[in-house]
Amino acid sequence: MTSREFPVVPPPAFDPATAEGWMRRALELARAAEAAGDVPVGAVVVGLDGTALGEGFNEREATGDPTAHAELLAIRRAAARVGRWRLDGATLYVTLEPCPMCAGAIACARLPLVVYGADDPKAGALGSRYAVGVDGRWNHVARVERGVLAAECAALLTGFFARRR
């Protein structure tokens with residue numbers, strides 16, 4: 001197979017019950033971020049076979065790395081596990097709508113489906129504020145399912161910021 005030939009991978013189906021289960025795992029990861037003193041965001045990349053390929057939670061404070069967002073860490077770990085940068089056929093579950101940086105990484109990784117919990121009206125890049133990678137001008141457009149366990153995801157963030165003020 002040449003570098004320009006890629007296997008055709010069917011897009012994942014969206015199943016609300018499955019999505020809720022994976023979002024609960026992302027919420028567990030978000031709580032780990034909060035326990036470590038970071039903004040509580042968690043993410044899981046799941047393969048077509050239903051296995052977790054990579055997980056992450058915000059680690060910016062712990063690492064001093066401004067790019068250590070939950071989504072980027074989960075994507076990096078999933079790519080390392082499968083041994084390639086293309087994650088076509090996988091689904092990203094994340095508690096908060098991805099920012100522009102993470103939305104760009106989603107497009108670059110060719111993730112076909114993103115499921116998120118809470119909208120981010122300040123920096124959301126999958127439709128709330130911006131439309132990075134979902135507006136048809138990119139070479140890859142992800143399908144987005146929003147609002148899975150939105151109230152729980154939003155409450156975790158609201159509580160975190162209320163305690164910090």
Do V144 and I75 belong together in a cluster built from hydrophobic side chains that touch within less than 4.5 Å? yes
Shortest non-hydrogen contact between A118 and A150, atoms and distance: CB-O, 4.2 Å
Under the 3.5 angstrom rule, does the side chain of D38 hit a backbone N or O of R60 as a donor-acceptor pair? yes
Side-chain donor-acceptor distances from residues 155-165 under 3.5 Å, at least two apart:
unit_1, atom_1, unit_2, atom_2, d
T158, OG1, A154, O, 2.9
R163, NH1, G159, O, 3.2
R163, NH2, E34, OE2, 2.2

For L73 and A68 the tightest heavy-atom approach is CD1-O, 3.9 Å
Mind checking whether C102 and L72 have side chains closer than 4.5 Å, heavy atoms only? yes
Using a 4.5 Å cut-off on heavy atoms from C-beta on, say whether the side chain of Y116 contacts that of V41. no
Would you check if D65 and E59 make a side-chain contact, meaning some heavy-atom pair closer than 4.5 Å? no
Given the rule that I, L, V, M, F, W and Y join up when any side-chain heavy atoms are under 4.5 Å apart, are V39 and V44 in one cluster? no
Salt bridge (charged side-chain N to carboxylate O under 4.0 Å, His left out): pairs with one or both residues in residues 44-57, sequence neighbours excluded: R25-E55
L113 CG to I106 CD1 distance, which is reported to the nearest 0.5 Å: 10.5 Å
What pairs with P112 under side-chain contact (heavy atoms from CB on, under 4.5 Å), at least two apart in sequence or on another chain? P12
Going from OG1 on T91 to CD on E145, what distance comes out if it is rounded to the nearest 0.5 angstrom? 10.0 Å
Does S128 use its side chain to pair, donor to acceptor, with the backbone of P121 at less than 3.5 Å? no
side-chain contact (heavy atoms from CB on, under 4.5 Å) with A107: which residues, sequence neighbours excluded? W138
Does F57 share a hydrophobic cluster with V46, counting links as ILVMFWY side-chain heavy atoms below 4.5 Å and allowing steps through other members? yes
According to a 4.5 Å side-chain heavy-atom criterion applied to Ile, Leu, Val, Met, Phe, Trp and Tyr, with indirect links allowed, do M23 and F14 form part of one hydrophobic cluster? yes
Examine V94 and L126 and state if one hydrophobic cluster contains both, with Ile, Leu, Val, Met, Phe, Trp and Tyr joined whenever side-chain heavy atoms are less than 4.5 Å apart. yes
Answer whether the closest heavy-atom distance between the side chains of Y93 and L27 falls below 4.5 Å. no
Is any side-chain heavy atom of R143 closer than 4.5 Å to a side-chain heavy atom of V114? no
State which residues pass salt bridge (Lys or Arg N to Asp or Glu O under 4.0 Å) with R76; sequence neighbours excluded, sorted by chain then number. none
E61: what forms a salt bridge (Lys or Arg N to Asp or Glu O under 4.0 Å) with it, not counting sequence neighbours? none
Sorted by first residue and then second, give each salt bridge (charged side-chain N to carboxylate O under 4.0 Å, His left out) pair with at least one member in residues 90-119; sequence neighbours left out. none
For the residue pair C153 and L96, establish whether any side-chain heavy-atom pair is separated by less than 4.5 Å. no
Under the side-chain contact (heavy atoms from CB on, under 4.5 Å) rule, collect the residues that match up with A90, sequence neighbours excluded. V45, L53, L87, L111
So which heavy atom on A70 is nearest to which on G56, and how close? CB-O, 3.7 Å
Exam field: side chain N58 to backbone P40, donor-acceptor pair closer than 3.5 Å: no
Taking only residues two or more places apart in sequence, or in another chain, which ones meet R24 in a salt bridge (Lys or Arg N to Asp or Glu O under 4.0 Å)? E20, E152
Going by side-chain contact (heavy atoms from CB on, under 4.5 Å), name the residues that satisfy it together with V141, two or more places apart in sequence or in a different chain. none
Where is the tightest heavy-atom contact between L29 and A43, given as atom of each residue plus distance? CD1-O, 3.4 Å
